[in-house]
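The structure appears right after this line, and notes come after that.
Hydrogens, waters and symmetry mates play no part in the numbers below; they use all other heavy atoms, side chains included.
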Amino acid sequence: MEPRVWREMGLTDEEYNRILELLGREPNILEVGIFAVMWSEHCSYKTSKPILKKFPTEGPQVLQGPGENAGIVDIGDNLAVVFKMESHNHPSAIEPYQGAATGVGGILRDIFTMGARPIAVLDALRFGPLEEEHNKYLLSGVVAGIGGYGNSIGIPTVGGDVYFHKSYSGNPLVNAMAVGLLRHENIAKGVAKGEGNPVMVIGARTGRDGIHGATFASVELSEESEAKRSAVQVGDPFMEKLLMEACLELIEADALVGIQDMGAAGLTSSAVEMAGRGNSGIELELSLVPRRETGMTPYEIMLSESQERMLVVPKAGREKEVEEVLNRWGLEAAVIGRVTNDGLLRVLEDGKLVAEIPVKALTEEAPVYYRPAAEPAYYQELKSKCFDSLELKGTAEEVFLALISNPTIASKEWIYRQYDHQVGTNTVVLPGGDAAVLRIRGTKKGIALTTDCNSRYVYLDPYLGGALAVVEAAQNIACVGAKPLAITDCLNFGNPEKPEIFWQFEQACAGVAEACRVLGTPVTGGNVSFYNETSGAAIYPTPMIGMVGLIEDLSQILGNTFRSEGEQIYLLGELEGELSGSEYLAQLENMEAGKLPELDLQEIKRRIDFLLELNKQGILLSAHDVSEGGLAVALAEMTVKYGATVNIKGSNQLKKLFGERLGRIIISISAQNAPKLEASAKDAGIPLVHLGESGGNTLKVMFNETCCLNVPLATYRPLFEQAIANRMNSKA
């Protein structure tokens, strides 16, 4: 076999030689293809595995951690939440509509494969600046794809986050998180065991779309990537709806030994992973696989990533029941093989052996790389920059208006109004809140959901930036009145073969791990997306965090806006932020540099616990975390119906108004509860500053009794709410 064959599939010469050792012979083209996808970064985690092992993954709330299709956390009353986040970055860069749509379809299958009914989708998106037409095209296509799939299948898209930065030009990030609900007894697993049990494929027919999608996701994008549109799948949400109902019916009937989505690497990965978990073997007869195209080769059938397909192992004698359920839902089901006890993946075509590989060779023997890490040259240089002498550029009002009309800070209404976020009628807190909230029918409970990551922080300090992504997610969950429970992640980085990129990854994961340990939010699973580079230029490191929280009583949900006149406004945390890594510095000074503020995770946890205790006592009226843009922007986000007048004292107006530091939350209470709040904060040793009160139709900020900002809501709310729409409608 010519070396170019395995190299084009993404295998190195060393990996090919390892295959020769494992097989004791030369593989055929199909076997090389199977090894290529199973040993790809996307499927084997060969670079990230040593780092991911350092994540905390256990806790009393965790029913299922990493290793299955999705994580599961207990929420009491025999109920559990299933959730997972994954990326569809490269497909979305090439074919934005289908790339995003099939990303949603794939993550939803991960949820109902576990036996859970999906109840929500969140989208965490990153694009280049909207001044470039191509970035507008990508944003428009991705948003349409997410909405088109989610709206059609009837699952609400309830939240997410969107940032814009030049590092994502050409390589957008499309990270989809899905959440489901189940009863403990309905938990299903992706396992194949029980010698002689049938193996069935159910759902859509197999076509040629998506072949080598897993390996496509494990290389950098280049000018030639456009030619790889065949690696992008095509989705059918209406078929997925039928498949979901059929799968949930089979799981509830306890008819299955195991079930697995045919995601990345299709039939290959689902068969191999199920056999691996069951410590068994699996034999497939490809002539029995339903196809929608003629003349398909074994190579194409095994590596196709056609959407809306599942591999299931029914319990002995119940395959007819599976067929009947699928037929009732208008779908196909076909027995294509059987479970064996020899530990081999054996592939036949019309009875002729076309591939035979030990399952463990594809799973446990996949290479693991301990990549060299090197601190990037920029790190210390940017960290040494100091901005203490920097003065406000223009007036406070000019800066304020510039920041709130920045698409990263501004309202994402142009995006989420294209989604149906209320289908199912369980959405209690709609998009635009600090976190989405959904009711759990039949109980008083609700679950809070969010996605977060400030990639500029991670670029400037990967360890602190990774920790801060978890902190911001926890603050957002707490600000709606929920207790943070656990996270899923989507770790988006450049080429890990570059020591500087691997250093970013290693440091960021260490920060995520430490924050999760301290905040008590274990990692239940996730996804690693490497090679996010275009023509050698990497994206900013983006360890996206998806977090789930629990509200015991929906009557205690907190909003993030002032809802009446005379609410007393307090800042929980430090009054002064820092300019390092801030939106002010990036937008007004065109600099991304500086040393991030020190982070005391134990103190952050104390503040979150304090906030939740205050809410239990029923004295809070609203809460909103202070993040990008600083205190002034956070106040503006809270002033929708009512304005506010605040009085800030001290020095350094710039840092106090527009400096950034996590661990700060604006809260409002009634005047009669103010003494109780102040006494509680003093007793607990929590920093608390009285800022002012709500009312009127302007945002007025006094600095040392002198007015520095006085802007009517009618002036800045349109800028905030229409910033993205204005850019999308303008000609670059």
- request: Report the residues that fulfil side chain to side chain donor-acceptor pair (under 3.5 Å) with E500, sequence neighbours left out, ordered by chain and then residue number.
  value: none
Look up atom [atom1] in [X] and atom [atom2] in [Y], then write down how far apart they are to the nearest 0.5 Å.
| X | Y | atom1 | atom2 | answer |
| --- | --- | --- | --- | --- |
| I501 | N495 | CD1 | CG | 7.5 Å |
| L585 | E660 | CG | CD | 9.5 Å |
| L519 | I608 | CG | CD1 | 5.5 Å |
| N532 | T542 | CG | OG1 | 8.0 Å |

Okay, side chain of [X], backbone of [Y]: is any donor-acceptor separation there less than 3.5 Å?
| X | Y | result |
| --- | --- | --- |
| K393 | L588 | yes |
| H90 | Y531 | yes |
| K412 | T408 | yes |
| S529 | N492 | no |
| Q556 | K616 | yes |

[X] to [Y] - nearest heavy-atom pair and separation:
| X | Y | answer |
| --- | --- | --- |
| G170 | N135 | N-OD1, 4.1 Å |
| G546 | F83 | O-CE1, 4.2 Å |
| E15 | W39 | O-CZ3, 3.5 Å |
| P50 | V368 | CG-CG1, 3.6 Å |

query: So with a 6.0 Å cut-off around NZ of K385, is the heavy-atom count from everything else above 12?
result: no
- request: Verify the neighbour count for atom CD of Q380: are there more than 12 heavy atoms of other residues, nucleotides or ligands below 6.0 Å?
  value: yes
In the structure I gave you, are the side-chain heavy atoms of [X] and [Y] within less than 4.5 Å of one another anywhere?
| X | Y | answer |
| --- | --- | --- |
| E497 | F530 | no |
| K84 | N69 | no |
| E603 | P687 | yes |
| F164 | P129 | no |
| I666 | L635 | yes |
| K655 | L579 | yes |
| L631 | I648 | yes |
| C509 | F55 | yes |

field: V73/T524 under side chain to side chain contact (heavy atoms under 4.5 Å, CB included): CA gap, chis, key distance, verdict
entry: CA-CA 8 Å; V73 291; T524 63; 4.0 Å; yes
- prompt: What is the ring orientation for Y168 with H165, classed by angle as parallel under 30°, tilted 30 to 60°, or perpendicular over 60°?
  reply: perpendicular
Do [X] and [Y] sit within salt-bridge range, that is, some charged N less than 4.0 Å from a carboxylate O?
| X | Y | answer |
| --- | --- | --- |
| R456 | E583 | yes |
| R664 | E578 | no |
| R126 | D161 | yes |

- prompt: Which pairs count as side-chain hydrogen bond (donor to acceptor under 3.5 Å, both in side chains) when at least one residue sits in residues 628-638, sequence neighbours excluded?
  reply: Y163-E628, N454-E628, H624-E637
Quick one about [Y] and [X] (side-chain donor to acceptor, distance below 3.5 Å, no hydrogens or angles considered), yes or no?
| X | Y | result |
| --- | --- | --- |
| Q587 | N406 | yes |
| S167 | Y459 | no |
| S87 | N527 | yes |

message: What verdict does the side chain to side chain contact (heavy atoms under 4.5 Å, CB included) test give for K49 and S44, after you've listed the backbone C-alpha separation in whole Å, the side-chain angles of each residue and the deciding distance to 0.1 Å?
response: CA-CA 8 Å; K49 194 177 292 183; S44 74; 5.6 Å; no
message: Evaluate L392 against Y584 for side chain to side chain contact (heavy atoms under 4.5 Å, CB included), listing each step before the verdict.
response: CA-CA 10 Å; L392 194 64; Y584 172 87; 4.3 Å; yes
List the atom pairs, with distances to 0.1 Å, where a side-chain N or O of residues 468-491 and a protein N or O form a donor-acceptor pair under 3.5 Å, not counting sequence neighbours.
residue : atom : partner : partner atom : Å
Q475    : OE1  : G663    : N            : 2.6
N476    : ND2  : D452    : OD1          : 3.0
N476    : ND2  : D452    : OD2          : 3.3
N476    : ND2  : E472    : O            : 3.3
T488    : OG1  : M85     : N            : 3.2
T488    : OG1  : G525    : O            : 3.0

